[in-house]
Amino acid sequence: DIAIRQAVSVVVPSVRMAVAWPEETAAASPGDRVPLTVEMTNSGTTLLQNLSLSIPLPDAIIDATALGKNPGTYRDGVLTIRGGDVQELTALAPGESVRIALTIPIARAPTGGTDLSLTLSPRLTAFPPAAPDIPYSKTVSTRPLAIGTALTLTPSIRYFSPEGDQLGRGPLPPRVGKVTKYWATMQIKNTTSEVTGVVWSARLPANVAWSGKKSMSHGETVFYDAASRRLSWRAPSLAPHEDAYLGLELSLMLDESHIGTTPALLEQIVLTARDEYIGEDITVTNGEETTALPADDIGRSKGTAVIP
C-alpha cells in the first residue's frame with residue numbers, strides 16, 4: 001500500500017463585531033442626532049478583503065436627508081460603507097481592528113405605530129483571498145433605543161374660515177382707531193406616545209384683547225392673567241396619535257404708529273408636555289402670529305397692513 005499525505009490549508013474567517021449606542025443613551029427624542037459605533041476585529045486566521053458594512057435604516061424613524069456627514073452611500077433604505085469610504089475596509093489582516101463612528105439622525109416626526117424603538121442590525125460582508133467567490137458575513141444588532149413622540153403646534157390667525165365663512169369682525173384691512181376682531185386657532189398634534197400635563201400659553205401685545213370667546217376640543221377652559229398678559233390652556237393628557245384644537249377671538253385696536261405694519265396678535269407662544277414613554281419634557285415654541293394672515297387667502301386678498 002502506498003500512503004499519500006497532502007497538507008491542507010484550512011481557512012477560518014472570523015470577525016469579532018460589536019455595535020452600540022452610547023452607554024448612557026437609552027432613548028432619543030425627535031430631531032436628535034445619536035452616535036453609533038461599529039467595531040470589528042479580524043479574529044480569524046486569514047486576511048479579509050473588500051469588506052463592506054450594510055446598515056438598514058427605517059425611513060419612518062430616520063431622517064435620511066441628514067445622513068450626509070456619515071461615510072458611505074445611502075440608497076433604498078440602506079447605508080453601505082466600503083473601502084472607498086473607510087480605508088481599513090479595503091483589507092483587514094488577522095488581529096487588526098477597525099472602528100467606525102456614525103451619527104444616526106432621528107426624524108422630527110417619527111411614524112409607524114405606538115411607543116417606537118429603534119434596533120439597528122449592521123451586516124458585514126468580506127472575502128478571504130483563498131476563497132474569493134465565497135463571502136464571509138456576520139450580523140450583529142444594537143440594543144433597542146426608545147424613540148420619543150413628536151408634539152407639533154400649528155398656530156394660525158384667520159378672518160375667514162377655509163370654507164369662506166366670515167369669522168372676524170370689523171374693517172379689513174385693519175384701520176387706525178377701529179377694532180378688528182380675528183380668530184386665532186391652535187392645532188396640536190401628538191404622534192407615537194402618550195403625553196401628560198399639556199400646557200399652551202401665549203402673550204397678548206398691549207393693543208390686543210381677548211374677547212372671552214373660545215372653542216376647544218380638550219381640557220380645561222382658557223385662563224387669562226392680566227398681570228403677565230398671558231393666555232393659557234391645559235389638558236391632562238393626549239393619547240398617541242390624538243389631536244387637540246383651541247380657538248380664540250382676539251380684538252385689535254390700532255393707532256397711527258401701526259400704519260403700514262402687520263401687528264402681532266399673539267407673542268411668545270409656548271406648548272409644553274411630558275413624554276411618558278421616554279420620561280422627557282417637551283417644549284415647542286413659536287415667535288408671534290400677526291395680521292399677515294398667511295393661512296387665510298380670502299382675508300389676505302382684502303389687505304393685511306394697517307391703513308389710516
Side-chain angles (χ1 to χ4, degrees), residues 151-190 197-236 238 242-273 282-308:
L151 190 65
T152 63
L153 170 65
T154 305
S156 179
I157 303 293
R158 306 192 72 95
Y159 194 93
F160 292 91
S161 74
E163 297 74 27
D165 298 326
Q166 184 174 333
L167 303 173
R169 295 291 183 268
L172 197 65
R175 291 179 174 271
V176 170
K178 302 292 184 180
V179 175
T180 299
K181 296 182 179 181
Y182 297 85
W183 194 252
T185 65
M186 304 292 142
Q187 294 283 351
I188 300 168
K189 293 182 177 293
N190 187 27
V198 183
V199 179
W200 171 88
S201 70
R203 183 180 179 277
L204 295 181
N207 58 317
V208 178
W210 173 43
S211 70
K213 291 184 178 180
K214 60 188 181 298
S215 174
M216 60 196 129
S217 62
H218 290 66
E220 303 174 3
T221 190
V222 176
F223 295 94
Y224 176 64
D225 179 67
S228 64
R229 299 192 57 81
R230 292 197 72 84
L231 293 162
S232 62
W233 163 88
R234 300 172 183 269
L238 287 176
E242 186 175 20
D243 299 343
Y245 166 87
L246 175 64
L248 303 164
E249 187 183 63
L250 302 176
S251 300
L252 179 67
M253 174 63 78
L254 303 161
D255 58 35
E256 292 182 353
S257 68
H258 295 102
I259 294 174
T261 69
T262 53
L265 289 159
L266 290 173
E267 300 173 330
Q268 302 172 16
I269 306 168
V270 181
L271 177 68
T272 60
I282 301 172
T283 300
V284 181
T285 61
N286 288 79
E288 63 180 23
E289 290 295 312
T290 73
T291 63
L293 306 180
D296 184 349
D297 293 340
I298 301 174
R300 193 168 63 253
S301 70
K302 294 183 178 296
T304 60
V306 178
I307 62 175

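Interatomic distance, CG of L238 versus CG of L151, reported as 7.0 Å (0.5 Å rounding). Interatomic distance, OG of S251 versus NZ of K213, reported as 9.0 Å (0.5 Å rounding). Remark: W233 CH2 to K214 NZ distance equals 13.5 Å, nearest 0.5 Å. Of the inter-residue distances, the one linking L248 atom CG with L204 atom CG reads 8.5 Å to the nearest 0.5 angstrom. A distance of 9.5 Å separates OG1 of T272 from CD1 of I282, quoted to the nearest 0.5 Å.
Side chain of T262 to main chain of T290: no donor-acceptor pair is present (N/O by atom type, distance under 3.5 Å, no hydrogens or angles).
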Exercise. Evaluate the side chain to side chain contact (heavy atoms under 4.5 Å, CB included) criterion for residues V199 and L271: first the C-alpha distance (whole Å), next the side-chain angles of each, then the deciding distance (0.1 Å), finally the verdict.
Key: CA-CA 6 Å; V199 179; L271 177 68; over 6 Å; no

Quiz item: Do D225 and R230 pass the salt bridge (charged side-chain N to carboxylate O under 4.0 Å, His left out) test, and can you show the C-alpha distance, the side-chain angles, and the key distance before you say yes or no?
Solution: CA-CA 5 Å; D225 179 67; R230 292 197 72 84; over 6 Å; no

Practice problem: Check the pair E289 / I157 against side chain to side chain contact (heavy atoms under 4.5 Å, CB included), numbers first and verdict last. | Solution: CA-CA 7 Å; E289 290 295 312; I157 303 293; 3.6 Å; yes

Self-check item: Verdict with reasoning, M216 to T221, per side chain to side chain contact (heavy atoms under 4.5 Å, CB included)
Solution: CA-CA 8 Å; M216 60 196 129; T221 190; 4.0 Å; yes

Give the table of side-chain donor-acceptor pairs shorter than 3.5 Å for residues 173-188, with sequence neighbours excluded, one pair per line with atom names and distance.
from: R175; atom 1: NH1; to: P308; atom 2: O; distance (Å): 3.3
from: T180; atom 1: OG1; to: P171; atom 2: O; distance (Å): 2.7
from: W183; atom 1: NE1; to: Y245; atom 2: OH; distance (Å): 3.2

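Remark: R234 engages no residue in a side chain to side chain donor-acceptor pair (under 3.5 Å) (not counting sequence neighbours). Qualifying side chain to side chain donor-acceptor pair (under 3.5 Å) partners for T152, counting only residues two or more places apart in sequence or in other chains: none. Among residues two or more places apart in sequence or in another chain, the side chain to side chain donor-acceptor pair (under 3.5 Å) test is passed with D296 by none. In this structure, R229 has no salt bridge (charged side-chain N to carboxylate O under 4.0 Å, His left out) partners at least two apart in sequence or on a different chain. Checked against side chain to side chain donor-acceptor pair (under 3.5 Å), S217 has no partners two or more places apart in sequence or in another chain. The side-chain contact (heavy atoms from CB on, under 4.5 Å) check on S301 picks up nothing, with sequence neighbours excluded. Scored by the side-chain contact (heavy atoms from CB on, under 4.5 Å) test, A209 finds no partners at all (sequence neighbours excluded).
Considering all non-hydrogen atoms of both residues, V222 and W210 come closest at O-CH2, 3.8 Å. For the pair E249 and S211, the tightest heavy-atom approach, listed with the atom from each and the gap, is OE1-OG, 2.6 Å. Here the closest non-hydrogen pair linking G164 and I298 is CA-CD1, 3.6 Å. Minimum heavy-atom separation, P263 to L254: CG-CD2, 3.7 Å. Shortest non-hydrogen contact noted between D243 and N190 is OD1-N, 4.1 Å. W200 and L246 get closest at one heavy-atom pair: CE3-CD2, 3.5 Å.
Sorted pairs that involve residues 156-165 and meet salt bridge (Lys or Arg N to Asp or Glu O under 4.0 Å), not counting sequence neighbours, are lacking altogether. Counting only residues at least two apart or in different chains, salt bridge (Lys or Arg N to Asp or Glu O under 4.0 Å) contacts with residues 298-308 comprise D297-R300. Residue pairs meeting the salt bridge (Lys or Arg N to Asp or Glu O under 4.0 Å) criterion with at least one partner in residues 252-262, sequence neighbours excluded, are absent.
Taking 4.5 Å as the limit, some side-chain heavy atom of H258 sits within range of a side-chain heavy atom of N207.
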